[in-house]
Amino acid sequence: MKIRQLAKEELPKVQSIAHRTWPSTFANILSPEQIDYMLNWMYSLDMLESQLEKGHTFLLAEENGEELGFAGFELNYSQESKAKLHKIYLLPSAQGKGVGKALILEVADQTKKADQNSLLLNVNKYNQKAIDFYLRMGFQEIYKEVIDIGNGYVMDDVVMELNL
């Protein structure tokens, strides 16, 4: 398996993985309407390009030319020496095979090299599978928050942190 940084013209790969992953990941957590709303908002090419221009890094995990998953993160989040893992998703067929762990370790390595003290992330409070994974990776819950994302929807999240 190889993990590499994506260029702007490769952002459709992030969009494609998100659209193939979200429906099954959130089927028992969010309504189909909210999944569509969030995918169209968070994974539009304009939004992904804007994040890239603001300094976000997108990593792609692939094996034998097949895309397996991605991670998107930002250094110096909120002007602190902390990084924020904004996105990490794996195709259902790639889950449970060490791909997520490899992506987290690569993000942690890059953020450590950039003198960041910790790595933050938000996870839906009902996504127990992901929460358990992050706990195994050494993250700890630091607080919960509800974020209004418009159209009558909210993100009801646990915020977790990994000290580097």
Side-chain angles (χ1 to χ4, degrees), residues 3 6 8-62 66-75 77-78 82-97 99-104 106-108 111 118-162:
I3 297 176
L6 288 174
K8 181 179 179 180
E9 61 272 8
E10 295 180 292
L11 289 174
K13 293 178 182 190
V14 169
Q15 188 181 49
S16 172
I17 292 168
H19 280 267
R20 290 183 284 158
T21 303
W22 272 54
S24 61
T25 299
F26 294 108
N28 298 321
I29 299 172
L30 305 174
S31 70
E33 295 80 16
Q34 184 169 353
I35 291 170
D36 287 344
Y37 174 80
M38 292 178 73
L39 277 172
N40 291 329
W41 167 53
M42 296 170 74
Y43 290 94
S44 72
L45 287 179
D46 286 345
M47 177 66 82
L48 294 172
E49 288 173 6
S50 171
Q51 291 168 349
L52 196 64
E53 289 165 9
K54 291 177 184 169
H56 291 211
T57 299
F58 290 93
L59 302 176
L60 178 72
E62 57 189 352
E66 181 187 355
E67 302 155 6
L68 304 174
F70 70 89
F73 68 97
E74 171 186 12
L75 299 175
Y77 179 70
S78 293
K82 296 180 178 196
K84 174 83 180 251
L85 179 64
H86 288 285
K87 301 168 175 29
I88 181 168
Y89 288 99
L90 313 176
L91 292 174
S93 61
Q95 294 176 10
K97 298 179 180 177
V99 178
K101 180 178 182 179
L103 279 166
I104 292 279
E106 180 62 28
V107 170
T111 57
S118 65
L119 178 60
L120 299 166
L121 63 81
N122 283 46
V123 58
N124 185 291
K125 74 176 186 180
Y126 299 110
N127 191 346
Q128 196 60 50
K129 182 179 174 184
I131 291 169
D132 291 344
F133 167 73
Y134 295 132
L135 289 170
R136 284 193 306 277
M137 293 300 299
F139 284 84
Q140 296 177 355
E141 179 181 330
I142 54 174
Y143 60 90
K144 291 181 169 79
E145 68 180 353
V146 177
I147 304 165
D148 185 339
I149 58 170
N151 213 39
Y153 299 121
V154 298
M155 293 192 309
D156 197 352
D157 290 351
V158 173
V159 179
M160 302 181 83
E161 182 172 35
L162 175 67

Side chains of Met38 and Met155: does their closest heavy-atom pair fall under 4.5 Å? yes

What is the minimum heavy-atom distance between Leu85 and Leu119, and which atoms define it? N-CD1, 3.8 Å

For residues Gln15 and Ser44, report the shortest heavy-atom separation together with the two atoms involved. NE2-CA, 3.9 Å

Kindly give the heavy-atom pair with the smallest separation between Ala27 and Ile35, and that separation in Å. N-CD1, 4.3 Å

Minimal non-hydrogen separation, Val154 against Asp148, with atom names: CG1-CA, 4.0 Å

Could you check whether any side-chain N or O of Tyr37 sits under 3.5 Å from a backbone N or O of Ile149, counting only pairs where one atom can act as donor and the other as acceptor? yes

Check Met137 against Leu162 and note the closest heavy-atom contact, atom names and distance. O-CD1, 3.7 Å

Within-4.5 Å side-chain heavy-atom neighbours: Ile104 and Tyr134: yes

I need the single residue from Thr21, Thr25, Val99 that forms a side chain to side chain contact (heavy atoms under 4.5 Å, CB included) with Leu90. Which is it? Val99

To the nearest 0.5 Å, how far apart are CG in Leu59 and CG in Leu6? 7.5 Å

With a sphere of 6.0 Å drawn around CG of Asn151, does it hold more than 12 non-hydrogen atoms of other residues, nucleotides or ligands? yes

Hey, what's the ring geometry for Tyr43 with Phe70, parallel, tilted or perpendicular (30° and 60° as the breaks)? perpendicular

Hey, does the side chain of Ser16 reach the backbone of Pro12 with a donor-acceptor pair shorter than 3.5 angstrom? no

Considering all heavy atoms, the nearest Asn122-Lys84 contact: OD1-NZ, 2.9 Å

Any donor-acceptor pair under 3.5 Å from Gln51 side chain to Met42 backbone: no

More than 12 heavy atoms from other groups under 6.0 Å of CD on Gln140: no

